[in-house]
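Each remark here refers to the structure printed beneath this line.
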Amino acid sequence: MITTIITAIITAGMIDLHCHILAAVDDGPAAMEQSIAMARIAAADGITRIAATPHIKNTLHSPDIIRKGVARLNSALAELRIPVEIVPGGEVYAVLDPLLLDGYRLNNSRYILIEFPHTHLPRTAVSLLFQLAVRGFKPIIGHPERNPSIIRNPDLLLKLLSSNVLAQITAGSLTGDFGPQVMECACGLLEQGAVSFIATDAHSVQHRPPILSRGVNVAAEIIGREKALALVASNPEAVLAGKPVSA
Ligand SMILES: [Fe+2]
């Protein structure tokens with residue numbers, strides 16, 4: 001059984017769809033050395049691909065800056081033989097005009113990572129997601145288990161989800177890093193089949209480092225190892241390839 005699990009991870013490679021790994025763009029690492037240190041941690045955990053998802057909120061970082069940052073980091077990782085590939089993306093604030101968002105799609109797919117306000121779920125959430133769908137995006141709601149409105153009433157999230165609107169929870173939420181309420185919400189959403197991805201939302205080597213395996217282990221206890229692995233392997237793989245997510 002253990003051999004099967006290890007083989008599954010090594011064969012597929014884990015993918016982190018939400019990671020603040022680009023240097024000097026947002027509240028992630030300040031310098032390239034720290035980005036590289038984060039990639040080393042990710043590689044040691046079995047992560048082979050990372051979507052760089054800087055906050056697109058108060059500052060609309062140019063997609064070109066993100067693309068160049070990704071290229072620079074990939075060059076540095078290749079030179080150092082760190083087996084992690086970075087792909088472009090963004091963590092986009094939900095209320096932004098969809099017309100501004102084309103350059104922040106995950107690996108140039110139709111999928112886009114969406115951040116709602118940390119304080120509540122806006123009453124306009126359905127309409128915001130609809131506007132994104134109209135523009136051809138497939139929204140992925142980032143860390144809903146950390147949103148106070150959803151913690152109080154997880155049904156609010158369930159009503160938003162569809163084949164075109166998916167949810168990503170944070171690995172650290174499953175291991176209690178955000179407290180018992182967030183952990184309970186994350187585990188409950190998993191049990192209800194509401195979660196399509198587990199990602200790190202890493203910001204540095206100290207603050208929420210890019211480690212998926214601990215969260216996957218907790219998820220495996222709830223939904224089984226195979227389904228838990230899909231949340232960090234085949235599902236994000238489908239996103240990066242621009243294909244439908246099946247599980
Ligand atoms: Fe984030």
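Atoms within each ligand, like the ligands themselves, are counted from 1 in listed order.
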Would you say [X] has an N, O or S atom lying under 2.8 Å from the Fe ion (ligand 1)?
X	value
His143	no
Glu115	no
His20	yes

Between Ser62 (side chain) and Ile65 (backbone), is there a donor-acceptor pair under 3.5 Å?
->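 Answer holds: yes.
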I would like to know whether Asp64 and Lys68 meet salt bridge (Lys or Arg N to Asp or Glu O under 4.0 Å); could you show each step before the answer?
-> CA-CA 6 Å; Asp64 198 45; Lys68 285 177 179 166; 3.1 Å; yes
Closest to the Fe ion (ligand 1), which N/O/S atom of [X] is it?
X	value
His18	NE2
Asp201	OD1
Glu91	OE1

Is it true that atom CD of Gln34 has more than 12 heavy atoms of other residues, nucleotides or ligands lying nearer than 6.0 Å?
-> yes
Arg208 bridged to Asp201 by N-O distance under 4.0 Å =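 Yes, this pair counts.
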Ring centers of His118, His120 separated by less than 6.0 Å = no
